[in-house]
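See below for the structure under consideration.
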Amino acid sequence: MLDIKLIRDNPDAVRQRLADRGRGDEAAVDKIAALDQERRNLITESDKRKALRNAVSKEIGALKSKGQDASGKMAEMKKVGDEIAAADQRVAQVDEQLRAILLGIPNLPHPSVPAGKDAADNPEVRQWGQKPEFAFNPKPHWEMGEALDILDFPRATKISGSGFILYKGAGARLERGLISFLLDLHTREHGFTEISPPFLINRDAMIGTGQLPKFEEDMYRLRDDELYLAPTAEVPVSNIHRNEILRHDQLPIYYCAYTPCFRREAGAAGKDTRGMIRVHQFDKVEMVKFAHPETSYDELEKMTANAERVLQLLGLHYRVVLLCTGDMGFASAKTYDIEVWAPGQNAYLEVSSCSNCEDFQSRRANIRFKDKDGKNRFVHLLNGSGTALARLYVALLETYQQADGSVLLPEILAPYLGGERAIRHR
RNA sequence: GGAGAGGUGGCUGAGCGGUUGAAAGCGCCGGUCUCGAAAACCGGUUUGGCCGAAAGGUCAACGUGAGUUCAAAUCUCACCCUCUCCGCCA
């Protein structure tokens, strides 16, 4: 949520930066300003009457305690009370309208974010490693998974529907091993505290990080309870400190968490339909930081480096792109995407998205810290995948496939795979 | 799910429908004292909105939301949460 004061004081700047995103949100700025003005006028009026009522009510109390008649004043205040109720009702209406609009406005891009329309305009920041070369035609993971009997898409479909994965045998163990590998890396080497959060999330938490109210159709929702399946651990973990005031010496706080992620992928029908590149349920290890506003951009660079470290240790070629204004997520002010090379796809796959949301989420979720001067300020919230598992899995299979159809995984994973690096057809 | 008890400031814990934004204690911050510290003593110590250049003024908040009343932490209703017992269950 944007700061209403920012819109009030700098409507033109806000309008411009929203326009840079290319979603037409700038049109709401004038409406917001008008509602804000109306709201303040109504509050001023209401407050005046409340002050009067408070004063006269005290007089009434004093009169009554002396046994004197106060019926005139009481009748008068009855009328004032009705006026207050009417005014407050209008305030509530305007408030609700204002809030509804504000909750639907995306964050403003950071000045360092390049203007652009879509993914084609995202500048590449750097590359690491090289595309692996094969003496044979590298296969896509879905063929490998079937041949090796480690992935069973038809049966996953039988159980749930399209867009689900069933891992089997060495395939299941690899998934489990990767989760442990990632959590160990971030907790032991990058200073993150491991969290295992609830996967069912209430509405307030979903609003806090920005999934709701705008993206309701992207989420799985329970029918009988006001609960949603977590689309990412960003939601439960960022909401850990909702409605809290942290001490400045607690910052920065680093959390990481493994969760499955559930996404309806509404609107993505027909895209990436084969294999496990776009699915309704995937595993992910997520990093979340609660940072001091002055250092949050340094934290973003560090977090991105932490995510890159995963791919470096696994020897996977990747590139980092900086999302342009038109391609950024709703809550983010600046985002780096990390894309790993998948030889079987002949394409880069997004395995991590590292974002600084600044105070956009913390304002929604009311997460503050007391600074050195004793002033309460909103923390900056960052989140980054470290990393998404399904696509990492794709890159691993496709990169490390051998001519004989087996897979020889990086040595570093061996301890997580019972000492067995190779996956062969049995 | 059923029965009962309860939700007040960082914590413990008072609170009669009317000078209670809220006693008291603890904690914390500042000061006095001290070579220094402790103790003691003094002072301070919730958050948000609105008006204002500021000083300041004012409104709101005692789980949440409605209601009764001139006036609600205090009365009524609904919901949420916690605890105890029972039931069920991995």
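Excluded from the calculations below are hydrogen atoms, water molecules and symmetry mates; all remaining heavy atoms, backbone and side chain alike, are included. Each chain gets a letter, A, B and so on, in the order the sequences are listed, and its residues count up from 1.
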- request: Evaluate the ring planes of A/Phe192 and A/His190, with Trp represented by its six-membered ring, and classify them as parallel (under 30°), tilted (30 to 60°) or perpendicular (over 60°).
  value: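 Judged by the thresholds at 30° and 60°, the geometry between A/Phe192 and A/His190 is perpendicular.
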- prompt: If each of A/Ile245 and A/Asn41 is mapped to the nucleotide of RNA chain B with the nearest heavy atom, which maps nearer the 5' terminus, i.e. the 5' end?
  reply: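 The 5'-side residue here is A/Ile245.
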field: RNA chain B: 5'-proximal contact among A/Gln37 and A/Arg368 (nearest heavy atom)
entry: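 Upstream on the strand: A/Arg368.
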query: When you check every protein heavy atom under 4.0 Å of nucleotides 56-79 of chain B, what one-letter string (B, S, -) results, 5' to 3'?
result: --SSS---------BS--------
Under 4.0 Å between any heavy atoms, over every strand shown, what does [X] touch: base, sugar-phosphate, or nothing? Just pick one.
{"X": "A/Lys79", "value": "nothing"}
{"X": "A/Lys375", "value": "nothing"}
{"X": "A/Arg8", "value": "sugar-phosphate"}
{"X": "A/Arg247", "value": "nothing"}

Could you measure between the two [atom1] atoms, the one in [N] and the one in [M], and give it in whole Å?
{"N": "B/A78", "M": "B/C88", "atom1": "C1'", "value": "27 Å"}
{"N": "B/C79", "M": "B/C86", "atom1": "P", "value": "25 Å"}
{"N": "B/C28", "M": "B/A66", "atom1": "P", "value": "39 Å"}
{"N": "B/U46", "M": "B/C29", "atom1": "C1'", "value": "15 Å"}
{"N": "B/A23", "M": "B/G4", "atom1": "P", "value": "34 Å"}
{"N": "B/A39", "M": "B/C50", "atom1": "C1'", "value": "47 Å"}
{"N": "B/G67", "M": "B/C62", "atom1": "P", "value": "15 Å"}
{"N": "B/C77", "M": "B/A24", "atom1": "P", "value": "33 Å"}

Between [N] atom [atom2] and [X] atom [atom1], what is the distance in whole Å?
{"X": "A/Arg364", "N": "B/G48", "atom1": "CZ", "atom2": "C1'", "result": "19 Å"}
{"X": "A/Asp249", "N": "B/G10", "atom1": "CG", "atom2": "P", "result": "17 Å"}
{"X": "A/Glu38", "N": "B/C50", "atom1": "CD", "atom2": "C1'", "result": "15 Å"}

task: List the steps and the verdict of side-chain contact (heavy atoms from CB on, under 4.5 Å) for A/Tyr167 and A/Leu151.
output: CA-CA 5 Å; A/Tyr167 303 88; A/Leu151 299 173; 3.5 Å; yes
field: Base-pairing string, 5' to 3', of RNA chain B - Watson-Crick or wobble, under 3.5 Å, | interstrand
entry: ((((((((.[[[..)..(.....]]]((((((.......))))))((((((....)))))).[[[[[..)....]]]]])))))))....
[X]/[Y] ion pair, N-O < 4.0 Å:
{"X": "A/Asp371", "Y": "A/Lys375", "answer": "no"}
{"X": "A/Lys5", "Y": "A/Asp9", "answer": "no"}
{"X": "A/Glu38", "Y": "A/Arg90", "answer": "no"}

- request: Can you run down the ring pair (Phe, Tyr, Trp, His ring centres under 6.0 Å) pairs that involve residues 231-252 of chain A, sequence neighbours left out, and say none if there aren't any?
  value: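 Qualifying pairs: A/His241-A/Tyr255, A/His241-A/Phe290.
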task: Identify, with sequence neighbours excluded, every residue that meets salt bridge (charged side-chain N to carboxylate O under 4.0 Å, His left out) alongside A/Arg53.
output: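 Scan of A/Arg53 (salt bridge (charged side-chain N to carboxylate O under 4.0 Å, His left out), adjacent residues dropped) gives none.
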message: A/Lys158: which residues meet the salt bridge (charged side-chain N to carboxylate O under 4.0 Å, His left out) condition with it, sequence neighbours left out?
response: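 With sequence neighbours excluded, A/Lys158 shows a salt bridge (charged side-chain N to carboxylate O under 4.0 Å, His left out) to no residue whatsoever.
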- prompt: What residues, two or more places apart in sequence or in another chain, satisfy side-chain hydrogen bond (donor to acceptor under 3.5 Å, both in side chains) together with A/Lys117?
  reply: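 For A/Lys117 there are no side-chain hydrogen bond (donor to acceptor under 3.5 Å, both in side chains) partners, ignoring immediate neighbours.
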- prompt: Considering only side-chain heavy atoms of A/Thr44, which listed nucleotide, B/C51, B/U47, B/G49, is closest?
  reply: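 Nearest to the side chain of A/Thr44 among the choices is B/C51.
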- prompt: Just by distance, do the side chain of A/Asn366 and the backbone of A/Arg242 share a donor-acceptor pair under 3.5 Å?
  reply: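 No, A/Asn366 side chain to A/Arg242 backbone: no donor-acceptor pair under 3.5 Å.
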